[in-house]
Amino acid sequence: MAPTKLSSSASRLLDHHRLRGRAFPAPKYWDRLYQMLEEEAERRGKTPPPPPMTHALDHEPTDDDKMERLAEQVAWADRNQLLHPVRGFLERMPTSCWVRIDK
């Protein structure tokens, strides 16, 4: 699968968190982020964002798979003028609610 094409703003958002060792939200928070995006998509008549990789799949997704899915969601939010609310959501998340990666 090819990496998600990100705008410079979306890329900076993800880089900001990854430089701090944050890979992707813990399941509870990721579900909240998805719900926020899904509600906006429905309200605006848009196609829904990609779901988080916390739901049942035929295989266990890797951390890289999950980081790529977060990038897909951020790219979706950017294309739908929702990058600012996503940035705010991620910034308000407690550090303990992120799955950590080595820098």
Side-chain angles (χ1 to χ4, degrees):
M1 175 168 63
T4 301
K5 179 90 169 124
L6 297 169
S7 70
S8 60
S9 296
S11 185
R12 280 193 307 273
L13 172 61
L14 290 173
D15 288 347
H16 169 81
H17 291 288
R18 290 188 180 147
L19 287 171
R20 287 155 182 77
R22 303 170 187 158
F24 48 87
K28 177 178 156 182
Y29 280 83
W30 207 346
D31 285 340
R32 288 181 187 170
L33 173 64
Y34 177 69
Q35 182 179 12
M36 177 184 81
L37 295 176
E38 190 176 41
E39 287 171 358
E40 277 299 316
E42 187 174 311
R43 193 172 69 76
R44 296 173 180 212
K46 303 282 186 180
T47 58
M53 293 191 122
T54 58
H55 303 288
L57 297 172
D58 61 349
H59 69 285
E60 185 65 31
T62 66
D63 286 351
D64 286 341
D65 292 336
K66 292 176 184 180
M67 290 187 330
E68 178 62 25
R69 179 53 56 92
L70 180 60
E72 291 170 1
Q73 289 177 324
V74 168
W76 180 93
D78 191 22
R79 286 191 309 272
N80 289 280
Q81 292 76 46
L82 292 168
L83 194 58
H84 183 72
V86 168
R87 178 180 287 115
F89 180 90
L90 297 176
E91 287 297 323
R92 288 188 301 276
M93 277 180 46
T95 301
S96 63
C97 296
W98 284 90
V99 173
R100 308 285 295 173
I101 55 170
D102 293 327
K103 296 181 191 180

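Model, not experiment: these values are computed from the prediction.
Atom-to-atom distance recorded for Leu6:CG and Leu13:CG is 9.5 Å, nearest 0.5 angstrom. Taking CZ from Phe24 and CG from Asp63, the interatomic distance works out to 4.0 Å, rounded to the nearest 0.5 Å. One finds the CG atom of Leu33 at 14.5 Å from the NZ atom of Lys28 (value rounded to the nearest 0.5 Å). Atom-to-atom distance recorded for Met93:CE and Trp30:CH2 is 10.0 Å, nearest 0.5 angstrom. His84 contributes atom NE2, which lies 12.0 Å from atom OG of Ser9 (distance to the nearest 0.5 angstrom).
In this structure, the side chains of Arg69 and Glu72 come closer than 4.5 Å at one or more pairs of heavy atoms. When side chains are defined from C-beta on, Leu82 does not count as touching Met36, because their heavy atoms never get closer than 4.5 Å. Counting heavy atoms from C-beta outward, Glu68 and Thr4 have side chains that approach closer than 4.5 Å. The side-chain heavy atoms of Lys66 and Pro52, taken from C-beta on, include no pair separated by under 4.5 Å.
Panel note: side chain Asn80, backbone Trp76; a donor-acceptor pair is recorded below 3.5 Å. Proximity of a side-chain donor or acceptor of Arg100 to a complementary backbone N or O of Arg20 within less than 3.5 Å is detected. Although no hydrogens or angles enter the test, the distance criterion places no donor-acceptor pair under 3.5 Å between the side chain of Glu38 and the main chain of Pro48. Distance alone, capped at 3.5 Å, is enough to place a donor-acceptor pair between the Arg92 side chain and the Gly88 backbone.
With hydrogens and angles left out, the side-chain atoms of His16 and Arg12 include no donor and acceptor closer than 3.5 Å.
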Worked check of salt bridge (charged side-chain N to carboxylate O under 4.0 Å, His left out) between Glu40 and Arg44: CA-CA 6 Å; Glu40 277 299 316; Arg44 296 173 180 212; 3.0 Å; yes
For this session: Evaluate the criterion side-chain contact (heavy atoms from CB on, under 4.5 Å) for residue pair Tyr29 and Leu90; output intermediate values, then yes/no.
Result: CA-CA 9 Å; Tyr29 280 83; Leu90 297 176; over 6 Å; no
side-chain contact (heavy atoms from CB on, under 4.5 Å) assessment of Arg22 paired with Val99: CA-CA 6 Å; Arg22 303 170 187 158; Val99 173; over 6 Å; no
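The pair Arg87-Glu91 does not count as a salt bridge, with every side-chain nitrogen at least 4.0 angstrom from each carboxylate oxygen.
Between Arg18 and Ala23, the shortest heavy-atom contact is NE-O, 4.2 Å. Taking both residues in full, the closest heavy atoms of Leu83 and Ala10 are given as CD2-N, 3.8 Å, listed atom of the first, atom of the second, then distance.
For Trp98, the ring-ring contact (aromatic ring centres under 6.0 Å, His included) criterion is met by His17, not counting sequence neighbours.
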